[in-house]
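Computed from heavy atoms alone, side chains included, the values below leave out hydrogens, waters and symmetry copies.
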Amino acid sequence: QVHLVESGGGLVQAGSSLRLSCALSGRTFSNYAMGWFRQAPGKEREFVAAINWGGDTTSYADSVKGRFTVSRDNAKNTVYLQMNSLKPEDTAVYYCAADYWGGGTRRLDLYDYWGQGTPVTVST
């Protein structure tokens with residue numbers, strides 16, 4: 001059974017940076033593409049970024065492109081989301097997800113495992 005644990009969320013001011021981490025245990029990390037999603041209060045969960053198993057292919061939502069960077073360290077079984085120039089509209093619970101042998105899809109329904117989420121609040 002795959003277990004995902006996110007960390008790194010918090011309360012920051014607009015313009016600040018945060019780095020989220022997500023550690024996978026229970027299976028071979030390099031077999032999974034990883035995705036980051038977020039869910040703001042009263043809204044549906046949405047795609048943020050994804051990275052393939054090897055780390056050489058990434059994709060981003062238009063709303064975060066140029067500000068967020070997804071990366072992975074297969075030796076540490078961890079995926080990261082570096083978030084720069086944060087805006088109040090980035091406020092949400094951020095979730096990581098694992099897609100077995102996936103390519104890094106934007107589709108929520110194709111991910112096999114999900115973490116519990118870490119909250120990010122960006123104040124003005």
Does one hydrophobic cluster hold both V64 and V120, with members joined at side-chain heavy-atom distances below 4.5 Å? yes
Can a donor-acceptor pair be found, under 3.5 Å and without considering hydrogens, that links the side chain of D112 to the backbone of Y100? yes
Rounded at 0.5 Å granularity, tell me how far CG in L11 sits from OG1 in T91. 8.5 Å
For A23, give me all partners under side chain to side chain contact (heavy atoms under 4.5 Å, CB included), at least two apart in sequence or on another chain. T78
Could you work out, with side chain to side chain donor-acceptor pair (under 3.5 Å) as the rule, every residue matching Y95, not counting sequence neighbours? none
Provide the full list of salt bridge (Lys or Arg N to Asp or Glu O under 4.0 Å) pairs with a residue in residues 7-22, sequence neighbours left out, each pair given once. none
Heavy-atom side-chain proximity of M34 to Y113 below 4.5 angstrom: no
Please lay out, stage by stage, how F68 and V48 fare under the test side-chain contact (heavy atoms from CB on, under 4.5 Å). CA-CA 9 Å; F68 290 12; V48 175; 3.8 Å; yes
When you group the ILVMFWY residues by side-chain heavy-atom contacts below 4.5 Å and let the links chain together, are L20 and V12 in the same group? yes
Looking only at heavy atoms, what is the nearest atom pair of G102 and A33, with distance? O-CB, 3.2 Å
Over all heavy atoms of both residues, which pair between S59 and G104 is shortest? Give the atoms and the distance, please. OG-O, 3.7 Å
Who clusters with Y80? Use side-chain heavy atoms, under 4.5 angstrom, across I, L, V, M, F, W and Y, and order the result by chain and number. none
Can you tell me if N74 uses its side chain to pair, donor with acceptor, with the backbone of W53 under 3.5 Å? yes
Show me the pairs that pass salt bridge (Lys or Arg N to Asp or Glu O under 4.0 Å) and involve residues 66-82, at least two apart or across chains. R67-D90
Show every donor-acceptor pair shorter than 3.5 Å between a side-chain atom in residues 1-9 and any protein atom, with sequence neighbours excluded, or say none if there are none.
residue, atom, partner, partner atom, Å
E6, OE1, Q116, N, 3.1
E6, OE1, Q116, NE2, 3.4
E6, OE1, G117, N, 2.9
E6, OE2, C96, N, 2.8
E6, OE2, G117, N, 3.2

Tell me if the CD atom of E89 is crowded by more than 12 foreign heavy atoms within 6.0 Å. yes
Quick one: pull up CG in N52 and CH2 in W101 and give me the separation to the nearest 0.5 Å. 11.0 Å
Whether the side chain of T105 engages the backbone of R107 through a donor-acceptor N/O pair (distance < 3.5 Å, no angle test) should be reported. yes
Taking only residues two or more places apart in sequence, or in another chain, which ones meet R106 in a side chain to side chain donor-acceptor pair (under 3.5 Å)? none
Contacts of type side chain to side chain donor-acceptor pair (under 3.5 Å), residue R27, not counting sequence neighbours: none
Partners passing ring-ring contact (aromatic ring centres under 6.0 Å, His included) against Y111 (at least two apart in sequence or in another chain): F37
Check side chain to side chain donor-acceptor pair (under 3.5 Å) between N84 and all other residues, then give those that pass, not counting sequence neighbours. S17, Q82
Quick one: disulfide (SG to SG under 2.5 Å) pairs with a partner in residues 39-86, sequence neighbours left out? none
Grab the two heavy atoms, one from V79 and one from F29, that are nearest each other, plus how far apart they are. N-CZ, 3.8 Å
For the atom pair CG (L81) and CH2 (W36), what is the distance rounded to the nearest 0.5 Å? 6.0 Å
Across all chains, not counting sequence neighbours, the side chain to side chain contact (heavy atoms under 4.5 Å, CB included) partners of T58 are I51, Y60, V70
